[in-house]
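Below is one structure, written out as structure tokens, with a few remarks after it.
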Amino acid sequence: MAALTRYRAFFQFLRPQMSIMDNGSISQDVLHSLLYNRAQCARHAFSGETRKYSTDVKSGDDLIVKYLDGDDSGIVVFGIDRPKAKNAISKNLVKMMSEAVESVKKNSKVRTVILCSIVPGIFCAGNLPMPTIAAIDGAALGGGLEMALACDIRVAATSAKMGLVETKLAIIPGAGGTQRLPRTVGVSVAKELIFAARVLDGVEAQSLGLVNHAVEQNKSGDAAYLRALDLAREFNPRGPIAIRMAKLAINQGIEVDLTTGLAIEEACYAQVIPTKDRLEGLAAFKEKRLPRYKGK
């Protein structure tokens, strides 16, 4: 029960807090996240400026935060490093994640956050608002897959293994799996997967729509991460406020009828009209140059 409570608290904390207000404006607790996994990719990324969020860890750091620079400026990497626990979610990890998220979300220059594993072959990650990508290079079973399901996009290596296997232990997915999986692959398919506690590889997952992309694993074991990073770089130059509003419109609109959804879209559209980014986009188009968006 304690573990389930921690899982639920973790998901509640990481879930986007966005709503249409009575006056038509939008309030949101905004953060962008991209998720990926695998030791090689994470350790390669963790050079340069890093910040350690580890208050009461006696050996090692459960979470390391890396701010990328150069062409990847605006992308932040959260690296989970709990090898002995196979990256299991702990109370301490949730606390450190909270501190890291609070720090990042106050930084207007941050556009995407990548949450990865530094532990080989283990996927365990979470969801944060704005474009979120789960890159699954290792195993994503039970809670790991539930976290990936909380993301906008999922990328997996063909050799990855994923599934909601809780019924093997006479329990059910308790951190959103019974709700997010049906919304992703359909009700009947979700029932079959959960009832059977079936484990899928990347190819099978893509065929069911569980992941967007399945890529052949490479020698360094970071194929899904590299594909996720490509997607992150594709998202990064776009208008950050527009992306936030698009995600908000989709996420809230899909849960209501079409008429209400269109009203949500209209409210979101109204938020981008007065932005400096919109004017920059028009100027860049007119001047035939790339826009330089600042999230304002």
**Request:** Would you give the length of the straight line joining atom CD of Glu204 to atom CG of Leu193, rounded to the nearest 0.5 angstrom?
**Result:** 9.5 Å
**Asked** Any side-chain heavy atom of Lys161 within less than 4.5 Å of one from Leu200?
**Response** no
**Complete:** To the nearest 0.5 Å, atom CE of Met162 lies from atom CG of Leu210 at 6.0 Å
**Fill in**
What one should report as the nearest heavy-atom pair of Leu149 and Leu164 is CD1-CD1, 4.4 Å
**Asked** What is the minimum heavy-atom distance between Ile153 and Leu231, and which atoms define it?
**Response** CG2-CD1, 4.2 Å
**Contact summary for Glu146 and Gly174, nearest pair of heavy atoms** = OE2-N, 3.4 Å
**Message:** Does Asp257 have more than 12 heavy atoms from other residues, nucleotides or ligands lying within 6.0 Å of its CG?
**Reply:** yes
**Item:** Interatomic spacing from CG in Asn251 to CG in Leu248 - rounded to 0.5 Å
**Value:** 7.5 Å
**Prompt:** What's the spacing between Glu255 CD and Ile250 CD1 if we round to 0.5 Å?
**Reply:** 12.5 Å
**Message:** I want to check something: taking the side chain as every heavy atom from C-beta on, are Leu68 and Lys66 in contact at a cut-off of under 4.5 Å?
**Reply:** yes
**Request:** Would you give the length of the straight line joining atom CG of Leu290 to atom CZ of Phe285, rounded to the nearest 0.5 angstrom?
**Result:** 13.0 Å
**Item:** Single-linkage hydrophobic cluster Val185~Ile194, side-chain heavy atoms < 4.5 angstrom
**Value:** yes
**Message:** Checking Lys191 against Val187 for the side chain to side chain contact (heavy atoms under 4.5 Å, CB included) test, could you report, in this order, the C-alpha distance in whole Å, the side-chain angles of both residues, the deciding distance, and whether it holds?
**Reply:** CA-CA 6 Å; Lys191 286 178 178 177; Val187 173; 3.6 Å; yes
**Message:** If you apply the rule side chain to side chain contact (heavy atoms under 4.5 Å, CB included), what do you find for Thr184 with Arg154, and how did you get there?
**Reply:** CA-CA 11 Å; Thr184 303; Arg154 284 161 295 282; 3.4 Å; yes
**Request:** Sequence neighbours left out, what passes side chain to side chain donor-acceptor pair (under 3.5 Å) with Asp277? Give chain and number order.
**Result:** none
**Message:** A side-chain contact here means heavy atoms from C-beta on lying under 4.5 Å apart; do Leu226 and Asn218 qualify?
**Reply:** yes
**Message:** With heavy-atom distances below 4.5 Å as the criterion, would you say the side chains of Lys294 and Lys276 are in contact?
**Reply:** no
**Prompt:** Shared ILVMFWY cluster between Val203 and Ile136, side chains joined below 4.5 angstrom?
**Reply:** no
**Prompt:** Tell me, do Ile264 and Cys268 make a side-chain contact under 4.5 Å, heavy atoms counted?
**Reply:** yes
**Prompt:** Under 3.5 Å, side chain of Ser73 to main-chain N/O of Gly70, donor-acceptor pair present?
**Reply:** no
**Message:** Quick check for you: to the nearest 0.5 Å, what is the distance between Glu166 atom CD and Thr178 atom OG1?
**Reply:** 9.5 Å
**Item:** Nearest non-hydrogen partners of Ala223 and Glu216, listed with the distance
**Value:** CB-O, 3.2 Å
**Message:** Could you check whether atom CD1 of Ile254 has more than 12 heavy atoms from other residues, nucleotides or ligands sitting under 6.0 Å from it?
**Reply:** no
**Prompt:** Would you say Leu282 and Arg278 make side-chain contact, with heavy atoms under 4.5 Å?
**Reply:** yes
**Prompt:** Is it true that Glu280 and Arg289 have a side-chain N and a carboxylate O under 4.0 angstrom from each other?
**Reply:** yes
**Asked** Checking side chain to side chain contact (heavy atoms under 4.5 Å, CB included) against Arg227, which of Asp137, Val215, Asn212 comes through?
**Response** Val215
**Prompt:** Given the rule in the side chain to side chain contact (heavy atoms under 4.5 Å, CB included) test, do Arg233 and Asp72 qualify, once you have shown the distances and angles that lead to the verdict?
**Reply:** CA-CA 7 Å; Arg233 289 167 175 164; Asp72 291 332; 3.0 Å; yes
**Prompt:** Taking all atoms of both residues into account, what is the closest heavy-atom pair of Tyr293 and Pro240, and its distance?
**Reply:** CB-CD, 3.8 Å
**Request:** Decide yes or no on side chain to side chain contact (heavy atoms under 4.5 Å, CB included) for Ile171 and Thr167, but give the supporting numbers first.
**Result:** CA-CA 5 Å; Ile171 59 175; Thr167 57; over 6 Å; no
**Message:** Using every non-hydrogen atom in the two residues, find where Ala156 and Gly202 come nearest and quote the distance to one decimal.
**Reply:** CB-CA, 4.3 Å
